[in-house]
Every structure is written in structure tokens, then in C-alpha cells.
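Please read all numbers here as calculations on a predicted model, not as lab measurements. Throughout, residue positions are numbered sequentially from 1 according to the sequence presented.
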Amino acid sequence: MKGITKRFGQVVANDSIDLEIRRGEVLALLGENGSGKTTLMNMLSGIYQPDEGEILKDGKTIYIRSPREAYEYGIGMIHQHYKLVEVFTSTQNIILGLNDGRMDLKAAEAKVKEICDRYGFEIDATEKVYEMSVSQKQTIEIVKVLYRGADILILDEPTAVLTPQETKKLFAVLRNMKADGKAIVIITHKLNEVMEVSDKVTVLRKGKLIGTVNTSETNPQALTDMMVGHAVSLNIDRPLYPNPQEKLIVENLTCVDEEGVKKLDSVSFTANTGEILGVAGISGSGQKELLEAITGLYPVKEGSVKIIKSDTKEAVELVGLTPKKIRQTGVGMAFVPEDRLGMGLVGSMGMTGNMLLRSWKKGKGALVHKKEPEALANKVLEELEVVTPDINYPVRRLSGGNVQKVLVGREIASEPEVLMTAYAVRGLDINTSYTIYNLLTEQKMKGVAVLYVGEDLDVLLELADRILVLCGGQVAGIVDARTTTKEEIGLLMTQFNTKED
């Protein structure tokens with residue numbers, strides 16, 4: 001790719017970028033959110049077309065106008081969100097859209113098996129997708145690209161929803177494909193994985209190419225400095241809080257959705273003051289429902305949720321209360337939900353208006369005092385470096401990362417006794433992520449009980465004091481983060497999925 005530029009209105013997503021991808025190599029593409037990684041690869045895979053520059057393959061200029069044309073040039077992209085028909089078999093999904101659909105299914109199954117045997121994939125060519133694990137679904141997407149003859153493969157955050165064991169299997173497959181002469185590009189933010197599987201690393205920052213380095217000649221700290229533009233500490237402090245006490249007590253919590261499916265099955269645990277309790281699990285294991293049930297946003301079929309008030313030591317039962325009534329009890333609970341705009345903030349309001357929702361005082365008549373919310377908005381703006389034209393600019397027009405900064409900043413500023421966060425750093429750059437980790441640790445050392453739902457096990461192991469592992473809506477285990485391993489957590493994350501019904 002030479003001199004590639006892509007604009008969206010006034011925003012320059014990619015600014016004259018040069019990129020070289022070689023056969024038999026794994027190239028990691030690194031950069032903060034909004035640096036232009038996915039946009040650049042979307043042009044290589046035919047989703048976008050560049051405004052300037054050219055793409056050459058084997059020395060010849062090519063024009064890629066669609067994903068179908070990208071396949072004709074041997075280029076395929078495996079997206080973070082899978083595009084599969086659940087009621088079809090793996091083979092049916094792989095051949096979907098090829099020719100006129102009248103294909104020899106047995107021959108296709110044989111070819112799928114041949115590809116799997118060649119590279120070390122583990123899928124059943126005749127199994128229905130809805131019966132498969134997340135890693136098996138990802139495997140189908142990769143085999144689909146190989147089936148179409150791709151020799152350049154682009155993987156967007158391929159390990160985001162995988163257990164450590166599944167990640168190791170994926171990396172083994174990638175090495176097999178590399179040995180077979182495939183060119184592989186991985187878009188990721190996990191530096192330890194970059195160091196493990198890649199041969200070269202290309203770093204983008206704010207749409208510009210910062211540089212390409214050999215993985216063997218760099219380290220995570222140097223790569224972070226390239227991404228951010230200045231030195232960033234990659235250390236997470238985990239001090240011990242003296243004399244922790246029970247704060248949040250959950251017993252036999254059971255929740256059922258509208259279709260009668262159990263989302264939480266007799267979940268029990270305790271979160272203590274001065275503790276960060278990490279919550280781990282494969283996506284969809286009940287993390288979202290757990291936090292929403294505690295905060296009164298999801299109906300509870302059975303069980304109990306109690307918070308011990310710090311002043312009276314009274315155990316307040318929360319099950320059956322609305323979020324408003326929970327707040328009226330004075331238990332002091334804050335929640336950073338997964339759905340930032342739908343549940344967390346009002347998109348049409350600015351930062352001041354959204355701070356007002358958390359801390360408002362009645363004025364005369366219908367008026368409210370805005371001094372405190374404005375001061376809070378300016379504090380969050382400065383400390384978390386929110387990028388916005390002004391504090392009254394509608395938050396729905398901000399980037400996802402900046403929306404998250406506003407939400408996290410507001411909830412922490414409410415001085416809660418219990419702070420629950422669902423993917424608090426999703427969409428944030430490394431610099432701001434570590435700022436959030438430090439803020440959560442500060443809350444812990446003030447005696448707050450923190451529940452941190454995260455997807456990066458390395459961060460959970462460094463940040464949390466204990467880790468609650470969910471699998472299929474059940475507690476698979478609660479482990480000491482200081483002594484456990486990623487492998488142990490990975491096994492717990494799939495504990496009930498490996499048992500026969």
C-alpha cells in the first residue's frame with residue numbers, strides 16, 4: 001500500500017500511509033482507537049476505496065472495489081463480529097454466496113476437512129453453527145477465507161473473545177499458515193500477543209504511520225510509546241487495603257429471560273470493602289445480567305442481593321427495588337454499564353447535563369443549580385482528557401472512547417460505596433486505560449467495593465484482588481488473582497461447557 005489516504009468529511013482517517021505485507025510473515029497492526037487501523041484494512045479488503053494512493057500485489061497495481069474483488073486478488077478479512085447463519089452447518093456457511101449455490105456439498109465438506117487437516121483447525125464440517133463455541137465460529141470465518149483462495153489474511157481483534165487455551169490453538173494455526181507462505185495481518189491491542197505471534201509491527205497514530213519494527217528488536221514499552229507519542233507506565237499498582245469488610249452479599253441469584261432461559265443460575269459471592277473483584281467469562285456468560293440485576297435493571301426470579309451500609313451497618317435488601325428506590329436507600333452504588341448511551345448517558349445532552357443527572361440541587365421553581373455539574377464536567381474533561389468542542393456538546397457526537405470517559409468520570413465522582421463497571425476501558429487508548437485502572441485502585445483504597453467486568457485476562461490478573469469466573473450463568477470459581485494463572489481461569493471459563501448435558 002503506497003500513499004494511502006482516506007477521508008470521511010473533514011476527518012482524515014488515513015494520511016498517506018505506506019504498508020508492506022510479505023508472504024510467510026505475521027504483521028501486527030497497532031494503534032490507539034481512532035488511529036486508522038481498521039479503516040486501512042477495510043480498504044485492503046474492498047469495503048472502502050482510498051481517496052489517494054495505490055495498492056500493489058506482487059508488484060502490479062490492483063483496484064479493489066468490493067470484498068468479492070478482494071477475494072479474487074487472494075485477500076480476505078476476518079472481522080471481529082462474525083457473519084454466520086446459525087442454523088446452517090459450517091460447510092454451508094463456508095460456501096454461502098459462491099457461484100449460484102448449486103454446489104456438491106459432499107465435495108465441499110471434503111475440501112473443508114482438507115483445509116482443517118492442513119492447518120490444524122478443529123471443526124466438524126457437518127455441525128450446525130448454533131451448536132458451536134465462539135472459537136469454532138471464528139474458525140469457520142478463517143476457513144471460509146481460505147476456501148476462497150486467500151493468501152493474505154486480515155484478522156481484526158481475533159483473540160477478543162477467546163480463552164487462553166483457544167488463543168494458543170489459534171496462534172498454532174497462524175504459525176502453520178505462515179509456514180505455508182500465507183501473509184497474515186493481525187489488528188490487536190494486546191501487546192503480549194503481539195510479542196508472541198508477530199514477526200513485524202506497524203504502528204499508526206491519529207491516522208499517520210509512525211513506523212514498522214521487527215518484533216524481535218522491540219518490547220511492549222517501546223511499542224506503547226510509539227502508539228501514544230510519549231512515555232506511558234505499563235505498571236498497575238495493587239496495594240492491599242487494611243481490614244476489608246463484607247459490603248455486597250449476593251446469594252443464590254437466579255434470573256430468567258423472557259423466553260424462560262436462565263441467564264444467572266444460583267450465583268453467590270461476596271464483594272468486600274477495599275477490594276477489586278474481577279469478573280471473567282466468555283462473552284454472554286451472564287456478566288451483563290449480573291450487574292443489571294444488582295442495580296435493579298434486570299428482573300430477579302430468586303435470590304438475595306444485600307449491601308451493608310457503612311454508617312449504620314444495616315444490610316439493605318435490593319431485590320425488588322427499582323434503581324430509583326435503591327438510590328433512595330442511601331446505599332451509594334454507582335454503575336458503568338456496557339451500553340454507554342442507551343443506559344448510561346443521555347446522548348442529546350452535553351457533559352454538564354449528564355453530570356446534572358447524578359448530582360443536582362433544586363433551585364427556585366423549575367430551575368436547577370448548574371455550578372456543581374459544570375465544575376464536575378470540567379474536572380472530568382481535564383483529568384480524563386475528553387476530546388469535545390465544549391462541555392455542552394451532545395455526547396452522542398463524541399467518539400466511543402470519549403463517551404466512556406464521561407461515563408466513568410461521572411460515576412466515580414459520585415463517591416459510591418459500591419462501584420460496578422462493565423468493560424470500563426473498552427474503546428479507550430492505552431494511556432487513558434491506565435488512568436482508569438489507577439482511578440479504580442484509588443476508589444478501592446478509599447474503602448469502595450469495586451466489581452470490574454473485563455475481557456483482558458492479563459489486566460484482570462494485575463488489577464483485581466480476586467476474580468469471579470462465570471460460565472453459562474453459573475459461578476465456575478472464585479480465585480485469588482495474585483496466585484492464579486490465565487490457564488486456570490481459561491479452564492474455569494469453559495468448565496460447564498465441556499460437560500455433557
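- Across every non-hydrogen atom of D480 and D465, the tightest pair is OD1-O, 3.5 Å.
- Across all non-hydrogen atoms, the minimal contact from A424 to Y452 is CB-CE1, 4.2 Å.
- To the nearest 0.5 Å, atom CG of residue L209 and atom CG of residue D15 are 10.5 Å apart.
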TODO: Begin from the C-alpha positions of I154 and I186 and carry the test side chain to side chain contact (heavy atoms under 4.5 Å, CB included) through to its verdict.
DONE: CA-CA 6 Å; I154 306 160; I186 294 183; over 6 Å; no

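- Put simply, CG on L492 and CD on E488 are 5.5 Å apart, with the number rounded to the nearest 0.5 Å.
- Remark: the D225 side chain and the Q221 side chain contain an N/O donor-acceptor pair separated by less than 3.5 Å.
- Here CG of L291 is found 10.0 Å from CG of L297. Values are rounded to the nearest 0.5 Å.
- Residues Y73 and Y63 place their aromatic rings such that the two centres sit no closer than 6.0 Å.
- Annotation for K486: atom NZ counts as buried by contact number, over 12 foreign heavy atoms lying within 6.0 Å.
- Remark: side-chain polar atoms of R238 are paired, donor with acceptor, to backbone N or O of L461 under 3.5 angstrom.
- Residues meeting the side-chain hydrogen bond (donor to acceptor under 3.5 Å, both in side chains) test with N438, sequence neighbours left out: none.
- Using a 4.5 Å heavy-atom threshold, the side chains of I210 and L204 count as separate.
- Within the 3.5 Å criterion, the main-chain N or O of F335 finds a donor-acceptor partner in the side chain of E411.
- For NZ of K2, the number of neighbouring non-hydrogen atoms (other residues, nucleotides, ligands) closer than 6.0 Å is 12 at most.
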- [ ] Check the pair L384 / T435 against side chain to side chain contact (heavy atoms under 4.5 Å, CB included), numbers first and verdict last.
- [x] CA-CA 8 Å; L384 297 185; T435 300; 3.7 Å; yes

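- Residues E127 and M132 meet the side-chain proximity criterion, which asks for heavy atoms closer than 4.5 Å.
- Going from atom OG1 of T421 over to atom CG of L440 covers 5.5 Å, rounded to the nearest 0.5 Å.
- E54 and T61 share a donor-acceptor pair across their side chains, judged by distance under 3.5 Å alone.
- Of the N and O atoms on the side chains of N214 and S216, not one donor lies less than 3.5 Å from an acceptor on the other residue.
- Separating the CG atom in L40 from the OG1 atom in T38 is a distance of 9.5 Å, to the nearest 0.5 Å.
- No donor-acceptor pair closer than 3.5 Å links the side chain of D199 to the backbone N or O of E25.
- The minimum heavy-atom distance linking Q49 with I64 is given by the pair NE2-O, 3.3 Å.
- Rounding to the nearest 0.5 angstrom, the gap separating the CG atom in N14 from the CD1 atom in I4 is 8.5 Å.
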- [ ] Decide salt bridge (Lys or Arg N to Asp or Glu O under 4.0 Å) for K113 and D124; before the verdict, give the C-alpha distance in whole Å, the side-chain angles of both, and the deciding distance to 0.1 Å.
- [x] CA-CA 8 Å; K113 186 177 185 305; D124 183 341; over 6 Å; no

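- Only one option out of K182, K57, K178 pairs with D151 in a salt bridge (Lys or Arg N to Asp or Glu O under 4.0 Å); it is K57.
- Salt-bridge annotation for D180 and R175: absent, with no side-chain N of the basic residue lying under 4.0 Å from a carboxylate O of the acidic one.
- Listed here is the closest heavy atom pair of Y119 and M177: CD2-CG, 3.4 Å.
- Considering only heavy atoms from C-beta on, L463 stays 4.5 Å or farther from K444 through its side chain.
- Taking 4.0 Å as the cut-off between side-chain N and carboxylate O, R148 and E72 do not count as a salt-bridged pair.
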Open item on the list: Pair K128, E86 - check salt bridge (Lys or Arg N to Asp or Glu O under 4.0 Å), show working.
Closed with: CA-CA 7 Å; K128 297 286 180 66; E86 293 280 321; over 6 Å; no

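- E487 and K168 are joined by a salt bridge, as a carboxylate oxygen and a charged side-chain nitrogen come within less than 4.0 angstrom of each other.
- The shortest side-chain heavy-atom distance between M41 and V185 falls under the 4.5 Å cut-off.
- Counting heavy atoms from C-beta on, the side chains of I412 and E442 never come closer than 4.5 Å.
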TODO: For V201 and L27, run side chain to side chain contact (heavy atoms under 4.5 Å, CB included): C-alpha distance rounded to whole Å, both residues' side-chain angles, the deciding distance at 0.1 Å, then the answer.
DONE: CA-CA 6 Å; V201 186; L27 174 70; 5.8 Å; no

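- Within the cation-pi definition used here (under 6.0 Å to the ring centroid, within 45° of the axis), K263 does not qualify as a partner of Y298.
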TODO: For the pair E52 and S16, evaluate side-chain hydrogen bond (donor to acceptor under 3.5 Å, both in side chains) and give the outcome as yes or no after the intermediate values.
DONE: CA-CA 8 Å; E52 297 172 17; S16 192; over 6 Å; no

TODO: Take T89 and T126 through the test side-chain hydrogen bond (donor to acceptor under 3.5 Å, both in side chains) and record every step on the way to the result.
DONE: CA-CA 5 Å; T89 66; T126 62; over 6 Å; no

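- Every side-chain hydrogen bond (donor to acceptor under 3.5 Å, both in side chains) that E166 has, sequence neighbours left out, goes to S135, T163.
- Between L30 and L191 the shortest side-chain heavy-atom distance falls below 4.5 Å.
- Under a cut-off of 6.0 angstrom, the local environment of CZ in R118 is sparse, with at most 12 non-hydrogen atoms contributed by other residues, nucleotides or ligands.
- Scanning all heavy atoms of the two residues, the minimum distance from L457 to A280 falls at CD2-CB, 4.1 Å.
- With sequence neighbours excluded, no residue forms a side-chain hydrogen bond (donor to acceptor under 3.5 Å, both in side chains) with N378.
- Under the 3.5 Å distance criterion, with hydrogens and angles disregarded, no donor-acceptor pair is assigned to the side chains of H189 and E32.
- Side-chain contact between L407 and P337 is present, with heavy atoms from C-beta onward closer than 4.5 Å.
- Between the side chain of R205 and the main chain of M226, a donor-acceptor pair closer than 3.5 Å is present.
- A salt bridge links K144 and E141; the closest N-O separation between the charged side-chain nitrogens and carboxylate oxygens is under 4.0 Å.
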TODO: Under the side chain to side chain contact (heavy atoms under 4.5 Å, CB included) rule, what do E289 and D257 come out as? Steps first, then yes or no, please.
DONE: CA-CA 10 Å; E289 291 81 5; D257 68 10; over 6 Å; no

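- In this structure a side-chain-to-backbone donor-acceptor pair under 3.5 Å is missing from S45 to G76.
- You'll find the side chain of I17 stays beyond 4.5 Å of the side chain of K6, heavy atoms only.
- In this structure, the side chain of S285 engages the main chain of I282 through a donor-acceptor pair within 3.5 Å.
- The number of heavy atoms from other shown groups lying within 6.0 Å of NZ (K288) does not exceed 12.
- The two atoms that bring A422 and Q404 nearest to each other are O-NE2, 4.4 Å, heavy atoms only.
- No donor-acceptor distance shorter than 3.5 angstrom exists from the side chain of T188 to the backbone of E157, with no hydrogens or angles considered.
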